[in-house]
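See below for the structure under consideration.
In what follows, chains carry the letters A, B, and so on, assigned in the order in which the sequence lines appear, proteins first and then strands, with residues in each chain numbered from 1. Just so you know, these numbers come straight off a predicted model, no measurement behind them.
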Amino acid sequence: VLTTSVLPAAPSELRSVEHPRVMADEAFPVRGQARESRFRELVECHFAFVWRSVRRLGVRAADCDDAAQEVFLVAARRLDDFTLERERAFLFGTCVRVASTRRRGARRRPEELDANSDERPRDELGPDELAELARARPLLQELLDSMSVDFRAVFVLAELEELSVREIADVLGVPQGTVSSRLRVAREQFRDGVRRLQARAAFAWRKR
Amino acid sequence: MKDEREPDPSAAGEAAELERLLIRSARLDVPASTARERALARGLGELRSTKRHGLRLLLGGAGLALAAAAALVLFLQKDRAAPGQVAAERIHSTAAPSGSAAGPAAPPVVHASCPELVIARGDAPLIEDFEQEDSWVLAADGRKGSWITYDDGTGTQVTPSRSALFPSRIPGARATSKRGLHVRGGKFTSWGVTFGTELADAACYDASRYAGIELWAKGPGQIRVGLQMIDVQDVKYGGLCQTDCYDSHRKIIDLTSTFKKYSVRWEELRQLFVAGPPVAFDVRRVRFLEFGIAAESTPFDVWIDDVAFIPR
């Protein structure tokens with residue numbers, strides 16, 4: 001035993017509001033509360049992004065809720081493994097893995113968008129535009145599904161999430177030059193796909 | 001006849017329009033609000049189930065503690081004599097560890113129980129170099145914990161109170177060190193800010209094989225470097241203190257505007273604000289390595305790096 005303090009007592013206010021120090025979970029609830037608080041913020045800030053991402057990375061609309069939950073379960077388990085600045089990067093990387101697993105397990109049949117679909121239109125869309133977009137959405141998915149994961153990820157983040165090249169590089173953890181070159185190829189693939197759709201539509205029209 | 005390779009302006013226009021339509025169709029990708037609530041509930045359940053699992057382990061360990069204590073102490077003595085082994089011992093026991101704060105030769109002192117005890121071997125002094133991008137301390141010599149910050153609620157920190165702290169890149173680096181822990185914040189008017197880490201998760205940590213703490217830091221202002229014994233922690237949070245808690249053993253150090261190495265030896269630690277009966281410092285039953293910033297040192301902008309125990 002080394003020492004006993006002989007210093008005078010502190011003013012009472014210095015003692016009366018002492019910090020609720022904590023260490024571990026159940027026995028030390030404040031630490032647990034901090035983690036829960038961070039997780040709540042994570043879901044609040046990023047749920048829509050995660051849901052959109054798994055959808056655009058190929059998860060069927062009906063499975064997107066489950067896939068997004070899976071992403072956040074992984075995040076809950078690994079909450080101490082990524083920084084606030086890297087949250088979106090961590091979540092998107094997890095989206096890629098979860099979507100990849102679910103795509104492999106999904107039945108290979110064309111997806112139809114119907115009234116029971118989980119895809120919910122924004123309130124500001126009129127009925128005509130909504131109908132037009134609803135017809136177009138499965139075609140978009142078809143084109144996205146035709147891309148490899150690397151190109152699709154860049155395309156989704158650039159064209160659909162409207163992130164800058166620098167932001168995409170940060171999310172994917174690759175150099176900006178790599179993002180630019182992948183984006184260039186992805187856009188070419190997308191345009192090729194659009195031309196195929198046009199040709200298919202023209203062929204179908206001629207067959208009538 | 002028209003060259004087939006020449007682009008058809010009308011077709012190109014239609015293609016561009018179709019491209020835009022397809023991109024716009026992604027606006028339909030909107031989750032239901034209930035989906036977010038379900039994800040939140042499931043994730044919180046996951047967090048809480050992890051905690052319950054940890055508690056079950058703790059209670060189960062306590063149930064075996066008395067039966068295992070004697071054998072473990074014997075095993076410990078044998079292990080301490082064996083050179084070259086690096087794993088620390090984790091025991092569940094109401095018995096005090098061997099040795100004492102003053103040195104291994106002193107007679108053991110029996111204290112109120114630590115629910116679990118990790119005894120450091122003293123062969124891995126580096127606690128944290130902050131070069132990893134996570135909030136965990138380096139897993140060495142039985143240590144387990146993550147960096148976290150608290151404040152008195154009267155001001156604002158860049159990292160909010162009760163949040164995990166992560167390393168930041170040191171502008172211009174410090175020698176070979178690229179990252180450190182950076183804490184910043186505004187004016188506080190009560191007890192200020194405390195950040196730090198557990199040393200052995202919920203267990204007590206016996207650091208008697210080390211002689212003190214050393215670190216690199218830069219200011220301005222002062223920080224209070226110290227250790228919290230289980231005895232000064234509130235019983236509500238697993239400690240043994242009933243009133244006037246968290247008067248941990250600390251030393252005030254004055255920081256400079258450039259990184260400087262500081263050393264704090266156990267014998268320099270003092271309770272700064274003794275209110276009730278003083279608690280004698282015992283480095284064999286510490287739980288939290290803390291760095292305090294008093295209200296008078298706020299606003300604050302402090303870096304620490306390469307936090308380590310001082311080998312004996």
Item to check | Best-contacting candidate, B:Glu268, B:Glu19, B:Gln132, against chain A by heavy atom pairs under 4.5 angstrom | outcome: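 Heavy-atom pairs under 4.5 Å are most numerous for B:Glu19.
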Checklist entry - Contact part of A:Leu139 toward chain B, heavy-atom cut-off under 4.5 Å: side chain, backbone, both or neither? => result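 Both parts, backbone and side chain.
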Checklist entry - Checking heavy atoms, do the side chain of A:Leu143, its backbone, both or neither come under 4.5 Å from chain B? => result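 When you check distances to chain B, only side chain atoms of A:Leu143 fall under 4.5 Å.
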Pair up each side-chain donor or acceptor in residues 182-192 of chain A with any protein partner under 3.5 Å, not counting sequence neighbours, and list the distances.
unit_1, atom_1, unit_2, atom_2, d
A:Arg187, NE, A:Glu159, OE2, 2.5
A:Arg187, NH2, A:Glu159, OE2, 2.7
A:Asp192, OD1, A:Arg195, NH2, 2.6

Nearest 0.5 Å please: distance from the [atom1] atom of [X] over to the [atom2] atom of [Y].
{"X": "B:Arg38", "Y": "A:Gln69", "atom1": "CZ", "atom2": "CD", "value": "6.5 Å"}
{"X": "B:Asp29", "Y": "A:Arg56", "atom1": "CG", "atom2": "CZ", "value": "4.5 Å"}
{"X": "B:Arg42", "Y": "A:Leu73", "atom1": "CZ", "atom2": "CG", "value": "4.5 Å"}
{"X": "A:Glu132", "Y": "B:Ser25", "atom1": "CD", "atom2": "OG", "value": "10.0 Å"}
{"X": "A:Leu130", "Y": "B:Leu28", "atom1": "CG", "atom2": "CG", "value": "6.5 Å"}

Could you name the residues of [range] that have a heavy atom within less than 4.5 Å of a heavy atom in chain B?
{"range": "residues 40-47 of chain A", "result": "A:Arg40, A:Val43, A:Glu44, A:Phe47"}
{"range": "residues 148-158 of chain A", "result": "A:Phe155"}
{"range": "residues 162-174 of chain A", "result": "none"}

Checklist entry - Is there a donor-acceptor pair under 3.5 Å between the side chain of A:Arg137 and the backbone N or O of B:Leu22? => result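 Checking the backbone N and O of B:Leu22 against the side chain of A:Arg137, no donor-acceptor pair under 3.5 Å is found.
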Where do [X] and [Y] come nearest, in terms of heavy atoms and distance?
{"X": "B:Phe166", "Y": "A:Phe82", "result": "CZ-O, 3.0 Å"}
{"X": "A:Phe39", "Y": "B:Leu44", "result": "CE2-N, 3.7 Å"}
{"X": "B:Ala26", "Y": "A:Leu160", "result": "CB-CD2, 3.8 Å"}

Item to check | Atom CD of B:Glu37: over 12 foreign heavy atoms under 6.0 Å | outcome: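 Yes.
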Checklist entry - Under 4.5 Å between any side-chain heavy atoms of B:Trp136 and A:Asp81, yes or no? => result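 The answer is yes; the side chains approach within 4.5 Å.
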